[in-house]
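The figures here come from the full heavy-atom set of this structure, side chains too, leaving out hydrogens, waters and symmetry mates.
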2 protein chains.
Amino acid sequence: MPKPEVDPTVSLRLGVDRTSPVPLYFQLSQQLETAIERGELTPGSLLGNEIELAGRLGLSRPTVRQAIQSLVDKGLLVRRRGVGTQVVHSQVKRPMELTSLYDDLEAAGQRPATRLLANTLVPASAEVAAALGVAEGSEVHRIERLRLAHGEPVAHLRNHLPVGLFDLDGDRLESTGLYRLMRAAGITLHSARQSVGARTATAAEGDRLDEREGAPLLTMRRTTFDDTGRAVEYGDHTYRASRYSFEFQLLVRS
Amino acid sequence: MPKPEVDPTVSLRLGVDRTSPVPLYFQLSQQLETAIERGELTPGSLLGNEIELAGRLGLSRPTVRQAIQSLVDKGLLVRRRGVGTQVVHSQVKRPMELTSLYDDLEAAGQRPATRLLANTLVPASAEVAAALGVAEGSEVHRIERLRLAHGEPVAHLRNHLPVGLFDLDGDRLESTGLYRLMRAAGITLHSARQSVGARTATAAEGDRLDEREGAPLLTMRRTTFDDTGRAVEYGDHTYRASRYSFEFQLLVRS
DNA sequence: GTCAATGGTTTGTCCGGACAATCGAACTTC
DNA sequence: GAAGTTCGATTGTCCGGACAAACCATTGAC
């Protein structure tokens, strides 16, 4: 019985534009990714071997491998030596990224809004100084914001930032997220150290978030670093557990 | 004024063993990683250009690049075109991985223990069936465990698993983590979809975890998939917020 | 003094080739 | 029929080279 299993990439309109400044491997990986998203490459199907694929596209094998590897890193493909490359049966949504709550809510169609509660300079407490790597008592920015979705409070965000990093404009703080402002100021975010916990609301916290005293809160503390290793932000956030939870995908790094 | 900034890798004892079955790029990346951990490569220092490094080690540039790239992916190094490769000023600990609580506690020296509360076969509820991709009402394993650290309860773990995946031995469930058992059974874990939230404890939950009713709990729901896309586990866990929080590192994928 | 042009350094991308390691299936042997 | 063997297929690793793109410091022009 002949196996009618053909390389599913042959029917795809794959092809690269060599006049484009976009790297070839990136063009290919994007085309493959959209094909997977659209279901044109069905989960579990083999991809056809690299050498043949390279020949058909007029690319070298290293270039094709680079494209495939980037999708393997994203968790969309799985390679097996001696077998081939398969599309993962994916419930894959998105790995946990370093995004701001604002972008998350906006992507979910939740119409985020921000109410700026405070934007001042304060002496750094011991905790803040340790996180930001500055001297205790030295001046740092302190921002407090209330984040709303559909007009309802979702989270209380308190952030401390070193001075002189970029312009903290009150208007812009209300119209977008902090991370977007930092990126726009030329800061390259690199990594963050996070701690997620829970506690019950005090009376004051309850007032702020429209919850009762004793209501469950999700807490997140985060120190963010840029690619030079500087701490650029320290955040201490509380979320209404009734309105928010962290959703994310984890990949096994092998 | 002359800059005495020399390539710090020259003083390192770097070298590869070509008779070893370990890939050359892996040998190099490990040597670099340990050098960074030991502080022999200080944060912020340049690494010396790839071509010269390759020549010194008797390797090709692609191999050296592969080694460096793996450390960039781990967040230990940063590359800049026209500048060089720098060691990140790292607070880097560990990116969020797909680990079991058992391993986490053990790594932290917390002497974990497990009390097996239940290990039965039950018909799948709608929620479990949807998560595991089986028919509602079909039989699935149900495990309930209490996780202790230093003899104190830390978390209540309820897991559902499809039948026929591997042998669920009660003794082994008490002596190690679930993920270790799965890996030992030849299952290749690939990814997981997680949701982290908070709520207050009911009276029954309080009893189990040695907390009062109304105490804050951290909740985590997780569906884990293997590399074929099968759901291999669905977990519904509650942690004592007073004793546990999630600590992890996030990297910006660029 | 300030700004623009220049050039050197370094990483980014891409090529073509070679051999090894691993997997699965077909085949052989008992 | 079952177990071991062989073999083709596919990815993993490694090499050497070439040019492009981006960054930084220096130089030059105004």
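Ile51(B) has its CD1 atom 16 Å from the P atom of dG8(C), to the nearest Å. dT9(C) atom C1' lies 16 Å from atom CG of Leu47(B), rounded to whole Å. Computed from coordinates, the Asn49(A) CG to dT10(D) C1' distance equals 7 Å when rounded to whole Å. When rounded to the nearest whole Å, the span between CG of Leu77(B) and P of dT10(C) equals 16 Å. Between the CG atom of Leu46(A) and the P atom of dA25(C) there is a distance of 11 Å, rounded to whole Å.
The CZ atom of Arg142(B) sits 12.5 Å away from the CG atom of Leu161(B) when rounded to the nearest 0.5 Å. A distance of 8.5 Å separates CD in Glu233(B) from CD1 in Ile143(B), rounded to the nearest 0.5 Å. Atom CD of residue Gln27(A) and atom OG1 of residue Thr63(A) lie 11.0 Å apart, to the nearest 0.5 angstrom.
Among residues two or more places apart in sequence or in another chain, the salt bridge (Lys or Arg N to Asp or Glu O under 4.0 Å) test is passed with Glu50(B) by Arg61(B), Arg65(B), Arg79(B).
For the residue pair Glu174(A) and Thr114(A), no side-chain donor N or O sits within less than 3.5 Å of a side-chain acceptor on the partner.
Summary of helix geometry: the two end axes of the helix from dG1(C)-dC30(D) to dC30(C)-dG1(D), each defined by five base pairs via their C1' atoms, are inclined to each other by 10° (rounded to 10°).
Around atom CZ of Arg180(B), more than 12 heavy atoms belonging to other residues, nucleotides or ligands sit under 6.0 Å away.
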Practice item. Sugar-phosphate atoms are those with a prime plus P, OP1 and OP2; base atoms are the rest. Using that split, label each nucleotide of nucleotides 12-20 of chain C B, S or - for protein heavy atoms under 4.0 Å, 5' to 3'. Key: BBSBB-B--
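What you find for Leu47(A) and Leu41(A) is that their closest heavy atoms are CD1-CD1, 3.9 Å. Val88(A) approaches Leu77(A) most closely through the heavy-atom pair CG2-C, 3.8 Å.
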